[in-house]
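What follows is a set of notes on a single structure, which appears directly below.
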Number of protein chains: 2
Amino acid sequence: MGITIKDIAKIAGVSISTVSLVISGKGYVSQATRRKIQKVINDYNYRPLRSAQQLASNQTGNIGFITSDVHLSRSEAFYSRILLGVELEARNYDYNVLLSTVGEGTNIPKNIPRFLKGRDVDGIIIAGSIPEDLLWYIHDIAIPVVLIDYRLPDLQHDVVMMDNRHGIQQIVQHLTSQGLERIGFIAGSKNHPSIKERFEGYQITMEQFGLGNFARAEKNHFLVMQETSSDIGTEGIASILKNEPALQAVICANDTTAMGCLKELQKRNFRIPQDIAVVGFDDNYYAAISQPTLSSVHVPKIEMGVEGAKLLMDRITNPNKIYQTRTVPVEVVVRESSRVTT
Amino acid sequence: MGITIKDIAKIAGVSISTVSLVISGKGYVSQATRRKIQKVINDYNYRPLRSAQQLASNQTGNIGFITSDVHLSRSEAFYSRILLGVELEARNYDYNVLLSTVGEGTNIPKNIPRFLKGRDVDGIIIAGSIPEDLLWYIHDIAIPVVLIDYRLPDLQHDVVMMDNRHGIQQIVQHLTSQGLERIGFIAGSKNHPSIKERFEGYQITMEQFGLGNFARAEKNHFLVMQETSSDIGTEGIASILKNEPALQAVICANDTTAMGCLKELQKRNFRIPQDIAVVGFDDNYYAAISQPTLSSVHVPKIEMGVEGAKLLMDRITNPNKIYQTRTVPVEVVVRESSRVTT
DNA sequence: ATTTATTATCGAATCGTTTCGATTATTCTT
DNA sequence: AAGAATAATCGAAACGATTCGATAATAAAT
């Protein structure tokens, strides 16, 4: 079928190994032969066969990307964008990206990505939460791993996170600077590390602004275990308002939740933001076109993927490095839903 | 490093080739030896190394998934869901999925997915539009290809589409059954085959309902080349209303466009659906939670991916089969934005 | 009971690279 | 100018599977 390195060598009148050296850029090859060989390669449009390279070099040139099926099909395209970032960066290293989704259920071994069994990848990136025992399984394989927007307290890994605490801090600051003080908090999937950090950020910052009493009162939060959905916002705001009718603002742990919140408030004829200000987190596409437009914290998803890929490449070439956590900066985007003063 | 087929053979006391036969399920192996070998394989948790299999068998066990970067990061997760479907189905065949995005720009050869150059995949799936010359390039490689939600008139391929015409037909029927007759149409990226079919569906059905005159008048459509965005809806409805103030309903070629349309109408204090009914297409997540909730046509995205993967597997094992077009059914979901009568 | 067909097992070639060590050619030291 | 260091090239052994053909064992046919 295809043209092989052997053909190239014969045509160029050199040995196979010299051609290989030219391709990989390793070792010593004289300018003259290098050019000669390169010309033949170009002329015949030759590319080495990956599987042969893989077998001989014991490197696959592939990385695996694992995320849950639910995450991948999320409407906000949050993890899709992270995947995109990974793909973009992997390309710079001439790596392929293999995708595998896993169910939320904890069904090992059916859940185990095929590329792990066949030793098809040099390293993997895990985006978002996956079943804990699967993470342990992967950990035990001793393959380079980078986690994006996820982590387990008792497991050491390279990790990429967004700056959740600082994002919330900016929000609280923005709200209080407008004189709002009774600020509630709503979140789903509270076991997720990002959500946890956002809640902690809320508590810490409120404390700093002298609003610790309000922030500590349980009636002013709504935290549940469910997967992110707009229902959480709907239920959440209802629950808080029941006990705290004088609420002035509410921070939702993400935009989808905020959307549900918005909807419920409108149904009850609250004016937003005059009666209650609402802010989300993530800065979805829909934040910018919802009615009213939603203030949020912009998270650079693609960059998170890029950073993750870089970290992974680093770890693959340098397996004994100390583990790193990389935190990408975020920024509040103020829109109609929280702009009280003009 | 890892355990090899040689080790298994030695431990089981058989030849390498017999072990291979057990793994692949081909040829003749007695019950007794089969069990014996299988036991060793299980005990040692052995998996054949893919790259070695690939090299020896000249099959990769991989499929490539190509989509544009813009499509993948789309907020509606339309193509992410198709990807998910492909992944789910590929798993049933024990195939890996390699992902590559391509820029919208037409920069061959930088745009060429790496897995094509290294002959890393047995076939590829292309979801959504990609630069035309890239499609020609792929066509020339003569590798099995399936297109999902895309096609080129003068290029033969296996194709998966949604039933755009019938979806629109259902919409028009739904609207006219409520007495609405002056129904406009708004779409972006009008060169996309799905959008084209939706527009054709609009024209044909309107004709069937005796509303051909209205549907044929250019002032009642807004068709532009831009990529899908909510701005198209905003501009579109403004444009149509200028020439046709008595508009009763508008069909948007997708939900995102409809969102922009909704927003503009609300800004102008139109009541929806009493003054103007709005429907979208695709049935996004946000269609169900927007204000008002948006009527739309549900498209089973994951199933489209599944169908695509099936078609591709079929073509890989059977390269000379006649080309197929598979059309998945769609269904109107009526919500607040178009429910005039109660 | 011999021939023929079927089932079972194996040895060896093969797939297309990388890489190690050997060999030769060139350049640098003193 | 001889020996040492460096640069250039090559041959051959891996890498870990598949697969073809040969051979041996068993079953079926006459």
Side-chain angles (χ1 to χ4, degrees), chain A residues 1-38 40-41 44-62 94 96 114-115 117-122 317, chain B residues 1-38 40-41 44-62 94 96 114-115 117-122 317:
Chain A
M1 287 281 315
I3 188 161
T4 75
I5 196 173
K6 203 169 159 185
D7 303 323
I8 300 295
K10 182 170 290 176
I11 295 165
V14 297
S15 75
I16 289 178
S17 23
T18 306
V19 177
S20 179
L21 292 180
V22 169
I23 292 168
S24 63
K26 296 178 185 170
Y28 298 109
V29 180
S30 73
Q31 277 289 319
T33 27
R34 182 182 301 278
R35 260 201 288 273
K36 185 172 61 182
I37 292 172
Q38 196 61 59
V40 179
I41 289 178
Y44 288 79
N45 198 22
Y46 163 76
R47 303 278 159 184
L49 189 71
R50 277 262 205 191
S51 50
Q53 289 184 307
Q54 289 171 347
L55 181 59
S57 69
N58 199 29
Q59 296 217 51
T60 66
N62 296 151
D94 208 33
N96 278 319
R114 305 170 295 314
F115 54 64
K117 301 190 203 158
R119 288 160 287 167
D120 247 5
V121 295
D122 296 335
T317 54
Chain B
M1 285 285 314
I3 189 163
T4 74
I5 196 173
K6 202 170 159 185
D7 303 323
I8 300 295
K10 182 171 289 177
I11 295 166
V14 296
S15 76
I16 290 178
S17 24
T18 306
V19 177
S20 180
L21 292 180
V22 169
I23 293 167
S24 63
K26 297 177 185 170
Y28 296 109
V29 180
S30 71
Q31 277 289 320
T33 28
R34 182 181 301 277
R35 260 201 288 273
K36 186 172 59 180
I37 293 172
Q38 196 61 58
V40 179
I41 289 178
Y44 288 79
N45 197 23
Y46 162 75
R47 304 275 159 187
L49 190 72
R50 278 261 205 194
S51 50
Q53 289 183 307
Q54 290 171 348
L55 183 58
S57 70
N58 201 28
Q59 295 218 48
T60 66
N62 297 151
D94 207 35
N96 278 318
R114 306 169 295 315
F115 54 63
K117 301 191 205 160
R119 288 161 285 167
D120 249 4
V121 295
D122 296 334
T317 53

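In the text below, chain A, chain B and the rest are named by the order of the sequence lines, each starting its count at 1.
Across the protein-nucleic acid pair, A:Gln54 atom CD and C:dC15 atom C1' stand 13 Å apart, rounded to whole Å. Rounded to whole angstrom, the span from the CD1 atom of A:Ile16 across to the P atom of D:dA13 amounts to 13 Å. One interatomic measurement links the two molecules: NZ of B:Lys6 to P of C:dG11, which rounds to 13 Å at whole-angstrom precision. The nearest whole Å value for the distance from the CG atom in A:Asn58 to the P atom in D:dG16 is 7 Å. Atom pair B:Lys10:NZ and D:dG16:C1' shows a separation of 14 Å (rounding to whole Å applied). Atom pair A:Arg50:CZ and C:dT18:P shows a separation of 11 Å (rounding to whole Å applied). Rounded to a whole Å, the CG atom of B:Leu55 is 14 Å from the P atom of C:dT14. Spacing between atom CG of B:Leu49 and atom P of D:dT18 amounts to 10 Å, rounded to whole angstrom units.
With D:dG16, D:dC10, C:dA12 as the candidates, the nucleotide lying closest to the side chain of B:Ser17 is C:dA12. With D:dT18, C:dT18, D:dC10 as the candidates, the nucleotide lying closest to the side chain of A:Ile5 is C:dT18. The side chain of A:Thr18 sits closest to D:dC10 out of D:dC10, C:dT17, C:dC10. Taking only side-chain atoms of B:Gln53, from C-beta outward, the nucleotide of D:dA17, C:dG16, C:dC10 with the closest atom is D:dA17. The B:Val14 side chain lies nearest to C:dC10 when the options are D:dC15, C:dC10, D:dA12.
Residue-level contact check: A:Thr4 touches the backbone only, with heavy atoms under 4.0 Å from sugar-phosphate atoms and none from bases. Base contact: B:Ser20 has a heavy atom under 4.0 Å from a base atom.
For the pair B:Arg47 and A:Ser15, both in contact range of DNA chain D, the more 5′-proximal nearest nucleotide belongs to A:Ser15.
Taking 4.5 Å as the limit, some side-chain heavy atom of A:Asn96 sits within range of a side-chain heavy atom of A:Arg50. Contact annotation: the side chain of B:Val22 never approaches that of B:Thr33 to less than 4.5 Å [non-hydrogen atoms, C-beta and beyond]. Residues A:Leu21 and A:Ile37 have side chains not in contact (no heavy-atom distance under 4.5 Å, counting atoms from C-beta outward).
Contacts between residues 21-34 of chain B and DNA chain D, defined by a heavy-atom separation below 4.0 Å, involve B:Lys26, listed by number.
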Run the side-chain contact (heavy atoms from CB on, under 4.5 Å) check on B:Lys36 and B:Val14 step by step: do they pass? CA-CA 10 Å; B:Lys36 186 172 59 180; B:Val14 296; 4.1 Å; yes
Run the side-chain contact (heavy atoms from CB on, under 4.5 Å) test on B:Leu55 and A:Gln54 for me, step by step, so that the C-alpha distance in whole Å, both residues' side-chain angles and the decisive distance to 0.1 Å come before the verdict. CA-CA 9 Å; B:Leu55 183 58; A:Gln54 289 171 347; over 6 Å; no
When you look at A:Ile23 and A:Ile5, which way does the side-chain contact (heavy atoms from CB on, under 4.5 Å) test go after all the steps? CA-CA 10 Å; A:Ile23 292 168; A:Ile5 196 173; 4.2 Å; yes
Which pairs of donor and acceptor atoms, one on a side chain in residues 6-13 of chain B, lie under 3.5 Å apart (sequence neighbours left out)?
{"unit_1": "B:Asp7", "atom_1": "OD2", "unit_2": "B:Thr4", "atom_2": "N", "d": "2.8"}
{"unit_1": "B:Asp7", "atom_1": "OD2", "unit_2": "B:Thr4", "atom_2": "OG1", "d": "3.4"}

